[in-house]
Amino acid sequence: MSQIRNIVILTGAGVSAESGIDTFRTAGGLWERYKPEDVATPEAFARDPDLVLGFYDMRRAAIQEKQPNAAHLALGRLDAEWSGDLLIVTQNIDDLHERGGARRMLHMHGEHLNAWCTACDQRSPWTGPLIDRPACPRCGESALRPDVVWFGEMPYRMDAIYAALRAADLFVSIGTSGAVYPAAGFVRGARDLGVRTLELNLEPSQGSSWFHESRLGPATEIVPAWVEEILA
Ligand code: APR
């Protein structure tokens with residue numbers, strides 16, 4: 001491991017599953033109970049804003065009762081102790097990585113605890129509901145939407161992500177099914193760049209064959225074990 005200096009970590013819903021936050025595509029996941037096209041597209045928001053706002057209000061309230069788990073805490077420890085470059089790219093919109101101590105990170109699919117004003121473009125910290133159309137703290141318009149990247153919208157910070165992948169020695173994918181692009185394509189890009197690739201997941205993801213190494217198990221077990229190993 002001595003030749004590893006720069007690490008990029010991609011996380012998905014599986015890293016928050018053991019904190020009690022719903023995944024999307026595993027048994028009982030959100031996309032078994034809701035259709036993405038009904039609650040997670042700009043067209044859905046235009047067609048039925050109350051359904052979409054209610055869906056995100058429910059999830060925003062739920063995450064505020066959850067706690068970071070051992071995987072979040074292990075990644076927070078890695079962030080504090082790793083002397084090389086590190087970037088945690090999360091697809092998750094919860095704040096459990098931050099509450100677990102992560103600092104060098106970004107949310108490529110947005111953040112639950114922000115509201116985005118469609119009138120003035122301001123993003124404001126937000127913990128309450130949006131269903132009752134509250135006023136934007138900056139412009140006063142009742143034009144707030146969840147600060148979440150919906151299907152068909154461009155994920156955030158792609159330039160920073162690709163720059164980090166180009167400089168990486170190791171790419172680690174944790175708790176993601178590899179079902180949604182562009183995140184699902186990062187492993188292939190990493191391999192084309194000669195970056196070492198590792199998957200930590202409960203079961204093989206759709207992109208599993210692209211990883212040099214794949215370790216299977218619950219994140220609260222295999223992530224702390226890997227962090228211990230890489231810091232040794
Ligand atoms: N530990 C480790 N991995 C787990 C655990 C666990 N306890 N529980 C589930 N997993 C794994 C599953 O095996 C699955 O591969 O986490 C993955 C979760 O996959 P998804 O539910 O598809 O979530 P994710 O990959 O994050 O979805 C990507 O899709 O709907 C969009 O924007 C949404 O960000 C989301 C994106």
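Whatever order the structure lists ligands and atoms in, that order sets their numbers, starting from 1.
In this pair, Phe45 and Trp150 present their aromatic rings tilted. The plane angle is within the 30 to 60° band. Note on ring orientation: taking the six-membered ring where Trp is involved, the planes of Phe24 and Trp31 are tilted (angle from 30° to 60°). Taking the six-membered ring for Trp and thresholds of 30 and 60 degrees, His72 and His97 have ring planes more than 60 degrees apart, a perpendicular arrangement.
In terms of protein heavy-atom proximity, atom 13 (O) of ligand 1 is closest to Glu203 OE2, 2.8 Å. In this structure, the protein non-hydrogen atom closest to atom 32 (O) of ligand 1 is His109 ND1, 3.3 Å. Atom 28 (C) of ligand 1 has its closest protein heavy atom at Gln91 OE1, 3.4 Å. Scanning the protein heavy atoms around atom 30 (O) of ligand 1, the nearest turns out to be Trp31 NE1, 2.9 Å. Of the protein's non-hydrogen atoms, Arg25 NH2, 3.6 Å is the one closest to atom 31 (C) of ligand 1. Atom 6 (C) of ligand 1 has its closest protein heavy atom at Gly14 O, 3.4 Å.
Looking at Arg104 and Asp79, a side-chain N of the basic residue comes within less than 4.0 Å of a carboxylate O on the acidic one, giving a salt bridge. Using a cutoff of 4.0 Å between basic side-chain nitrogens and carboxylate oxygens, Arg215 and Glu229 are scored as salt-bridged. Ion pairing between Arg59 and Asp22 fails under the 4.0 Å rule for side-chain N and carboxylate O. Salt bridge annotation for Arg60-Glu111: absent, with no cationic side-chain nitrogen under 4.0 angstrom from a carboxylate oxygen. The pair Lys66-Asp95 does not count as a salt bridge, with every side-chain nitrogen at least 4.0 angstrom from each carboxylate oxygen. Salt bridge status for Arg77 with Glu81: present, with a side-chain N to carboxylate O gap under 4.0 Å. Between Arg5 and Asp169, none of the side-chain N atoms (NZ, or NE/NH1/NH2) sits under 4.0 Å from a carboxylate O, so this pair counts as no salt bridge. The pair Glu153-Arg145 meets the salt-bridge criterion, with a side-chain N (NZ, NE, NH1 or NH2) lying under 4.0 Å from an Asp/Glu carboxylate O.
No side-chain donor-acceptor contact under 3.5 Å links Thr197 to the backbone of Phe171.
When only interatomic distances are considered, the shortest N/O to N/O separation between Ala13 and ligand 1 falls below 3.5 Å. Polar contact with ligand 1: present for Gly175 (N/O pair, distance under 3.5 Å). Between Phe24 and ligand 1, an N or O atom pair is found at a separation short of 3.5 Å.
Atoms of ligand 1 found under 4.0 Å from any heavy atom of Pro218 (numbered from 1 in listed order, with element): 1 (N). Near Ala219, meaning under 4.0 Å from any of its heavy atoms, are these atoms of ligand 1: 1 (N), 2 (C), 6 (C). The ligand atoms of ligand 1 that sit less than 4.0 angstrom from a heavy atom of Gly217 are 1 (N), 2 (C). Atoms of ligand 1 found under 4.0 Å from any heavy atom of Phe151, numbered from 1 in the order shown, are 30 (O), 31 (C). Atoms of ligand 1 found under 4.0 Å from any heavy atom of Glu18, numbered from 1 in the order shown, are 1 (N), 6 (C), 7 (N). For ligand 1, the atoms lying closer than 4.0 Å to a non-hydrogen atom of Gly12 are 26 (O). Atoms of ligand 1 lying under 4.0 Å from any heavy atom of Ala17, numbered from 1 in the order shown and given with element: 8 (N).
Closest heavy-atom approach to atom 12 (C) of ligand 1 within the set Asp22, Thr26, Ile222, Thr11: this belongs to Thr26. Remark: among candidates Leu202, Asn201, Leu10, the nearest residue to atom 14 (C) of ligand 1 is Asn201, based on non-hydrogen atoms. For atom 24 (P) of ligand 1, the nearest non-hydrogen atom from the set Leu216, Thr176, Val180, Thr23 comes from Thr176.
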